[in-house]
Amino acid sequence: MQSPEAQLEILKRGAAQIINEAELLAKLRLGRPLNVKLGVDPTAPDIHLGFTVALTKLRQFQDLGHQAILIIGDFTAMIGDPSGRSKARPQLTHDQVMNNARSFQEQAYKILDPERTRTVFNGQWFEMMTFEEVIKLNGRVTLQQMLQREDFKNRLERGDAVHLHEIQYPIMQGWDSVVVKADVEIGGTDQLFNILVGRDLQREEGQPQQIVFLMPLLEGLDGVQKMSKSLGNYVGVSEAPTEMFGKLMSITDTLMARYYLLLLGEDVPDIHPMDAKKQLARRIVARYHGEEAGNAALEDFNTKFSKRDVENAEWPVVDFAGVNQDIVSIVVAGYEKGYQIAKSRGDARRLVEQGSIQLHEEKITDPKATPTLAAGTVLKLDKKRAVRVG
RNA sequence: GGGUAGGUACCGAAGUGGCCAAACGGGGCGGACUGUAAAUCCGCUGGGCUUACGCCUUCAGUGGUUCGAAUCCACUCCUGCCCA
């Protein structure tokens, strides 16, 4: 095990805020593995790279010899974390949650070291809590404290609803920390309030208080808003290798630096930005799909886009038998069969008219064209997609 | 429970009897240029039919008034605000 000071240096990398460093150092000096808590609410069946920032940090703790406690918020997920939200989250049923939790856990273990991870479901303690206990817990937090929060304040000012159940959320998350006796809790910067409530509750229970360890929120592909499913600017960890690679290649250079820091914990290598980006994409794909897949995705990208060798690249093979002869129908079928994307005929027609469609390297711009589809030729659909005629 | 303001396309937001498939902005998409980056320029952006002029459907839901409704009326559902 490394010295407490050396550990602190490593852990500080990429962190947005630590409350506070001196306390953390003191805990590291205890010489025992620390309980490092990370709570996740399985609100969706798969996680995206944004989540992995905290997971990656947790892994770093593990590598330094500490114990990860992964809390699956099967109970809290039904409430919905209001943090940073402009609306209440939709409440989920327990079945949905448990279903999500399973795949969630599986994906988290791609990053975490299973040997040093304890996974617990917070339904274990919340389900059996009595109303009396709930009330008692509520007595420890004031409405004023809750209302100081930026997200609630904004919603109140804008006249949007803040539901009472949402107010319970930070208390529940804080109670999790008491139950698992957390030494450190990792979270995004939007978790500041929730994690601080944990500290308060621990103090009331006579426990040592946890360190608040905040990681920056990872910007989504647009480079502006945080990565989130509902904004559609995310990269899912279970996405297909080529898909993942392509998305990562589309980010700006500034964003690339952030991804290097937060996803790989490194600085951008001093090479051509494009090569740096390819390395980033390759390594991330490799992390979730294996080295081989990473290299294959890189190669695929080089063929398709760097060399623009559309004809020799790999595309989904589509059988156009039974499809109408006109190009619009063909394009619609190509999207549907090759990519499971439902395009309207209007959209398809527009693509044709705007010169996006190519068959065997010939542009087709007449929506009335009825080209012959020779087997093996490539039909280019848009910037990123094409299909091979089967 | 009472009062009041609203529910328009992916989102925000105009429109308050015909000129509305619906201004404008954002987002998205395509083309050019590139490093599938950024920046920039051009174009498209509800769905279906049609070679095309054009036609059909659509503004929370249902029913009505009118030659004609997103726009007027009635009821229903949903949301905010004020009062209790």
Side-chain angles (χ1 to χ4, degrees), chain A residues 85-88 90 152 154-163 166 219-235 239-260 268-282 284-285 297-310 313-315 324-329 331-332 334-336 339 341-359 361-370 378-386:
Chain A
R85 284 241 136 194
S86 52
K87 285 178 188 166
F152 284 158
N154 288 344
R155 278 157 68 177
L156 282 172
E157 272 165 20
R158 282 216 318 271
D160 291 340
V162 176
H163 294 269
E166 296 184 82
E219 292 86 352
L221 295 170
D222 55 48
V224 182
Q225 293 184 273
K226 72 169 180 177
M227 186 176 280
S228 94
K229 189 143 260 197
S230 46
L231 291 172
N233 60 358
Y234 68 98
V235 181
E239 279 184 56
T242 51
E243 189 68 17
M244 194 182 257
F245 199 99
K247 281 187 176 182
L248 288 167
M249 283 308 287
S250 75
I251 63 177
T252 66
D253 292 354
T254 328
L255 193 56
M256 170 170 71
R258 293 283 289 164
Y259 281 21
Y260 257 96
V268 182
D270 191 20
I271 50 179
H272 188 286
M274 187 187 59
D275 292 323
K277 206 184 284 179
K278 283 180 180 173
Q279 285 311 308
L280 172 77
R282 188 192 60 74
I284 304 242
V285 170
L298 172 64
E299 202 170 304
D300 178 72
F301 180 88
N302 281 335
T303 320
K304 279 180 186 165
F305 303 108
S306 298
K307 295 186 200 149
R308 293 172 198 273
D309 190 356
V310 175
E314 276 200 35
W315 303 106
N324 277 354
Q325 289 289 293
D326 66 287
I327 189 65
V328 173
S329 300
V331 168
V332 171
Y335 272 103
E336 196 175 287
Y339 295 92
I341 293 173
K343 279 273 179 205
S344 70
R345 294 185 62 80
D347 271 339
R349 160 187 300 260
R350 263 169 238 128
L351 286 171
V352 173
E353 285 169 347
Q354 293 184 138
S356 176
I357 306 303
Q358 281 180 29
L359 179 64
E361 308 197 298
E362 293 274 323
K363 230 175 222 197
I364 299 179
T365 51
D366 179 5
K368 286 165 296 191
T370 53
V378 170
L379 175 73
K380 176 180 163 282
L381 297 171
D382 57 35
K383 266 182 178 158
K384 301 175 184 172
R385 286 177 272 255

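Everything quoted here is computed from the prediction, not taken from an experiment. FYI, side chains are in, hydrogens and waters are out, and symmetry mates aren't considered; it's all heavy atoms of this structure. Lettering of chains follows the sequences in order, A, B, ..., and the numbering in each one begins at 1.
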Q: Return the nucleotide paired to C29(B): Watson-Crick means purine N1 to pyrimidine N3 with N6-O4 or O6-N4, wobble means G-U with N1-O2 and O6-N3, both under 3.5 Å.
A: G43(B)
**Q.** Pair partner, G12(B) [Watson-Crick or wobble, under 3.5 Å]
**A.** C24(B)
Q: Taking only the side-chain heavy atoms of Arg349(A) (C-beta and beyond), determine which of G31(B), G47(B), A52(B) contains the nearest atom.
A: A52(B)
(Q) Measuring only the C1' atom in each nucleotide, how far is C56(B) from C20(B)? A whole number of Å is fine. (A) 16 Å
Q: Using the closest heavy atom to pick a nucleotide of RNA chain B for each, name whichever of Lys343(A) or Ser250(A) lands nearer the 5' end.
A: Ser250(A)
Q) Across all strands, who's sitting opposite G17(B) as a Watson-Crick or G-U wobble pair, both distances under 3.5 Å? A) none
Q.
If you only use heavy atoms from C-beta on, which nucleotide in G30(B), U45(B), A37(B) is closest to the side chain of Thr252(A)?
A. A37(B)
Q. Using atom P of each nucleotide, how far apart are G6(B) and U16(B) to the nearest Å?
A. 13 Å
Q. Distance between the C1' atoms of A39(B) and C33(B), in whole angstroms?
A. 10 Å
Q: Could you tell me which nucleotide pairs with U62(B) by Watson-Crick or G-U wobble geometry, both distances under 3.5 Å, or answer none if nothing does?
A: A74(B)
Q) Quick one: do Arg345(A) and Asp326(A) make a salt bridge, cutoff under 4.0 Å? A) yes
Q) Among G35(B), G30(B), G47(B), which is the nearest nucleotide to the side chain of Asp347(A)? A) G47(B)
Q. Rounded to whole angstrom units, what separation is found between the CZ atom of Arg308(A) and the C1' atom of G35(B)?
A. 9 Å
(Q) If I take atom CG in residue Asn324(A) and atom C1' in nucleotide U50(B), what distance separates them, rounded to the nearest angstrom? (A) 15 Å
Q) Looking for any heavy atom pair under 4.0 Å, which part of the strands does Gly346(A) touch: base, sugar-phosphate only, or nothing? A) sugar-phosphate
Q: Return yes if a side-chain donor-acceptor contact under 3.5 Å exists between Thr242(A) and Lys304(A), otherwise no.
A: no
Q) Just wondering, do Ile327(A) and Asp366(A) contact through their side chains at under 4.5 Å, heavy atoms? A) no
Q: Let me know, please, whether Lys278(A) or Arg345(A) comes out on the 5' side of the other along RNA chain B by nearest nucleotide.
A: Lys278(A)
(Q) Starting the side chain at C-beta, find the nucleotide from C44(B), G31(B), G35(B) nearest to Met274(A). (A) G35(B)
Q. Given atom CD of Glu353(A) and atom P of G30(B), what is their separation to the nearest angstrom?
A. 15 Å
Q | Complementary nucleotide of G68(B), counting Watson-Crick and G-U pairs under 3.5 Å | A | none
Q | Nearest-angstrom distance, C1' atom, G61(B) to G7(B) | A | 11 Å
Q. Do you know which two heavy atoms are closest between Met227(A) and Asn233(A), and how far apart they sit?
A. CA-OD1, 3.5 Å
**Q.** C41(B) versus G25(B) - spacing of their P atoms, nearest Å
**A.** 14 Å
Q: Kindly say whether, by distance alone, the side chain of Gln354(A) makes a donor-acceptor pair under 3.5 Å with the base of G43(B)?
A: yes
Q.
Just the rounded figure in Å: distance from C1' of A32(B) to NZ of Lys383(A).
A. 10 Å
Q | Rounded distance in Å between the P positions of C67(B) and C44(B) | A | 39 Å
Q: Check every strand shown and say whether Lys277(A) touches a base, only sugar-phosphate, or nothing at a heavy-atom separation below 4.0 Å.
A: base
Q. Between C19(B) and A69(B), how far is it from one C1' atom to the other, in whole Å?
A. 15 Å
Q | Nearest-0.5 Å distance, OG1 of residue Thr252(A) to OH of residue Tyr259(A) | A | 8.5 Å
Q: Heavy atoms only: give me the nearest Val285(A)-Phe245(A) pair and the separation to one decimal.
A: CG2-N, 4.0 Å
Q) Do we get Lys247(A) above Tyr234(A)'s six-membered ring, with its NZ or CZ under 6.0 Å from the centre and within 45° of the axis? A) yes
Q.
My understanding is that a pair needs two contacts under 3.5 Å, Watson-Crick or G-U wobble. By that rule, which nucleotide pairs with G1(B)?
A. C83(B)
Q. Nearest of G30(B), U51(B), A37(B) to any side-chain atom of Lys368(A)?
A. U51(B)
Q | Main-chain N/O of Ser356(A) paired to Lys380(A) side chain as donor or acceptor, under 3.5 Å | A | yes
Q | Of the listed nucleotides G30(B), G31(B), G48(B), the one nearest the side chain of Ser344(A) | A | G48(B)
**Q.** Atom pair distance, as rounded to whole Å: CD1 in Ile341(A) and P in G28(B)
**A.** 16 Å
Q: Measure the distance from CG on Asp222(A) to P on G27(B) and round it to the nearest whole Å.
A: 10 Å
Q) Once you round it to whole Å, what is the distance between C1' of U51(B) and CG of Asp326(A)? A) 13 Å
Q) Taking the C1' atom of each, how far is U66(B) from U71(B), in whole Å? A) 13 Å
Q: Starting from C1' on A39(B), measure out to CG on Leu255(A) and report it in whole angstrom.
A: 17 Å
(Q) Taking any heavy-atom pair under 4.0 Å as a contact, classify Lys247(A): base, sugar-phosphate, or nothing. (A) nothing
